[in-house]
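Remember, predicted model here, so these are calculated numbers, not experimental data.
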Amino acid sequence: MAIDNAKIESIEALRRAGIEPYPYSYHVTNHAKEIRDNFSEFEGKEVSIAGRAMQLRQMGGITFIDVQDRTGKIQGLIRNNDLDQKSLLVLTNSSIGDNLGIRGIVMKSKRGEISVSARELTMLSKTLRTLPNKWQGLTDTEARYRFRHVDLMMNREVLKTFEVRSKFMRHVRDALDSRGAIEVETPILQDLYGGASAKPFTTTYHTLDDKQMFLRISDELYLKRLIIGGAERVYEVSKDFRNEDADTTHNPEFTQVEYYEAYSDYETFMKMMEEMLSAFATNTFGSTKVEYQGETIDFAPPFARMYWVDELKKMSGIDVSSISDEDVKRINDAEGLGLKHPDRYHVADSLFDKYLKGKTLQPTFVLDFPTYMCPLTKTKRGNPLLAERFELYVGRMEVANSYSELTDPLYQRKMFEEQERARKKGDEEAPPFDEDFLNAIEYGMPPTAGIGISIDRPTMVFTNQTSIKEVILFPPMKSTPPNESLPPKESALDS
RNA sequence: GGGCCCGUAGCUCAGUUCGGUAGAGCAUCUGGCUUUUAACCAGGUGGUCGUGGGUUCGAUUCCCACUGGGCCCGCCA
């Protein structure tokens, strides 16, 4: 991707002839796909197309250029005899990678390729860089992420992936809007963080006496204030930030939609997720069935319900709803969980992973967690050992997490006190005591269901990707001095 | 944090077995060719072999460290 001095010479040649290689605009009348799909209507008519030259086949007085626009490719058929002086000069100074505009007549070449037979050729942007080769393209993962613009132009399925992501986000918004919810924005820069257990990113606000601030790890505590204020149904499409390692299903910066609905419980949201995901699959792919890594995932409702504490008891003989701190070490050893600092929470979590996670390829509500795993959740009606919480799994990945939210302010205060003690003992992930939030909830919060819907992971399923980095346009990369960005020769820049 | 694999031309890759001044295809440049589509034919340009150190008469090759990336594991509501 080095700068090519021959291309700079082309720029100079064009300018000498009074042709600007970086013009302001171009009137595009049609796109590649519509012309190809409706050839009989377009045949013989004049169109103007624009896009990037991806391939160029020159044979004396005739040149074929494959022009790629956002809908696909179409061939430009360019005969020197059909062109005026200016267009000819553009042609001789064109190369693969340039943005070109072609005005011409739609026709078929002798070999039957739908083409635009050029009457005028316009340089829309002269490239200085060389595109990857046309056979293998750009495949190096690191280069693809660091030079996503090149990845996008060479690997068009990447653009498709992000179109699906966009559609999914749009669909989630529409589904929540149709429930009468309002979309809100709450602070990303926060004095205090909370709503999850995670290490935060910190930053400094210089004009406020260099105050330390945090990037949010969740939206929960702000959205609940809006519920308390009487908004009833609110959601936020939120970038959250957690200062943790990345892997194929975790990114330190990720997107979820948090939604809170007053007077509802988690049962409401199970139905909502079934409708939301099955409708999306049907609208987007024409079926509730989606191929994922050689397996078929079916979003047709109802989704499976896994009462996992019962299920786990059947399979392992362990009832995690009632294990004591004394049991923990013994189970850790007997089950070979390998936890360094076993506690009830992590033992239960590991047992789920060991026995049950593998069974969640199909959309599955994993529900009713031990209360000790859910400090912000109401207990299950009729069983105080369990809490009303579900996680939705798809493709063996957690894609949503929902509670019947805790609304008892005195209990909430107790939980903050407990987390504060854990913090002082050195638990970096325990959220800090938040008196402002307690003040809010002390005004009385109506019964409320809350849910966090992942955007990244469902997009992985819908686009058949195994790495979260494939559904994030610019995944974080370690910094490295780019060694290929050499400046052009000075002589070329002077003129 | 641990293990395995990888980094050679703009891109995709050979070469390293057994150390001896670096190769192909595409791209690019020059010439030829007015219906090609991986166009073709002829010729040319292009490389601190990821970085630093060590061994050696000599290192892209062997050794060490570092760096960047991928996968697996650990961690992570």
By the 4.0 Å heavy-atom rule, please label Ala196(A) as base, sugar-phosphate, or nothing. nothing

Check this one for me: any side-chain N or O of Thr139(A) less than 4.0 Å away from OP1 or OP2 of U12(B)? yes

Kindly point out which of A77(B), U12(B), U37(B) is positioned nearest to the side chain of Gln136(A)? U12(B)

Once you apply a heavy-atom cut-off of 4.0 Å, does Pro431(A) come out as touching a base, just sugar-phosphate, or nothing? nothing

Counting the atoms with a prime plus P, OP1 and OP2 as sugar-phosphate, which does Gly452(A) contact under 4.0 Å by heavy atoms, base, sugar-phosphate, or nothing? nothing

Contact class for Asp66(A) (heavy atom, under 4.0 Å): base, sugar-phosphate, or nothing? nothing

With a distance cut-off below 6.0 Å to the six-membered ring centre and an angular limit of 45° from the axis, does Arg225(A) pair with Tyr222(A) as a cation-pi contact? yes

Ring centres under 6.0 Å, that's the criterion: do Trp308(A) and Tyr355(A) meet it? no

Anything under 3.5 Å between a protein N or O and an N or O of nucleotides 44-46 of chain B, put it in a table, one pair a line.
none

Under-3.5 Å donor-acceptor pair between Asp140(A) side chain and U12(B) base: no

Using the rule salt bridge (charged side-chain N to carboxylate O under 4.0 Å, His left out), only one of Lys378(A), Arg389(A), Lys380(A) pairs with Asp368(A); which is it? Lys380(A)

Indicate, with a heavy-atom threshold strictly under 4.0 Å, whether Gln75(A) touches base, sugar-phosphate, or nothing. base

With rounding to whole Å, what would you report as the distance between A22(B) and C5(B) at their C1' atoms? 25 Å

Determine the Euclidean distance between corresponding C1' atoms of U8(B) and G25(B); express it in Å to zero decimal places. 15 Å

Residue Met59(A), side-chain atoms from C-beta onward, closest of U12(B), G69(B), U35(B): U35(B)

Determine the sole option in Asp456(A), Ile455(A), Val461(A) for which the side-chain contact (heavy atoms from CB on, under 4.5 Å) test with Thr459(A) is passed. Ile455(A)

Identify the residue among Arg330(A), Lys329(A), Lys354(A) that makes a salt bridge (charged side-chain N to carboxylate O under 4.0 Å, His left out) with Glu335(A). Lys354(A)

On the nucleotide C75(B), are OP1 or OP2 found under 4.0 Å from the side-chain N or O atoms that His250(A) carries? no

Short N-O contact, Glu46(A) and Arg103(A), less than 4.0 angstrom: yes

For the pair made of CZ in Arg146(A) and C1' in C11(B), what is the distance, rounded to whole Å? 17 Å

With rounding to the closest Å, how many angstrom separate the C1' atoms on G7(B) and U16(B)? 14 Å

So, under a plain 3.5 Å distance rule, would you say the side chain of Glu113(A) forms a donor-acceptor pair with the base of U36(B)? no

Cation-pi geometry met for Lys469(A) and Tyr145(A) (6.0 Å, 45°): no

Could you please name the option among G68(B), U35(B), U12(B) that lies closest to any side-chain atom of Phe64(A)? U35(B)

Here's a test of your reading of the structure: between Gln58(A) and Tyr345(A), which maps to the more 5' nucleotide of RNA chain B? Gln58(A)

Take atom CG of Leu77(A) and atom P of A39(B), then tell me their distance rounded to the nearest Å. 15 Å

What protein N or O atoms touch nucleotides 70-74 of chain B N or O atoms at under 3.5 angstrom, if any, and at what distances?
unit_1 : atom_1 : unit_2    : atom_2 : d
G70(B) : OP1    : Lys469(A) : NZ     : 3.0

Under 4.0 Å: is that the gap between some side-chain N or O of Lys134(A) and OP1 or OP2 of A39(B)? yes

What's the gap between G69(B) and G31(B) when it is taken at their P atoms, as a whole Å value? 44 Å

In whole Å, what separates the C1' atom of A9(B) from that of G50(B)? 15 Å

Is the shortest distance from a Lys or Arg side-chain nitrogen in Lys73(A) or Glu113(A) to a carboxylate oxygen in the other one below 4.0 Å? no

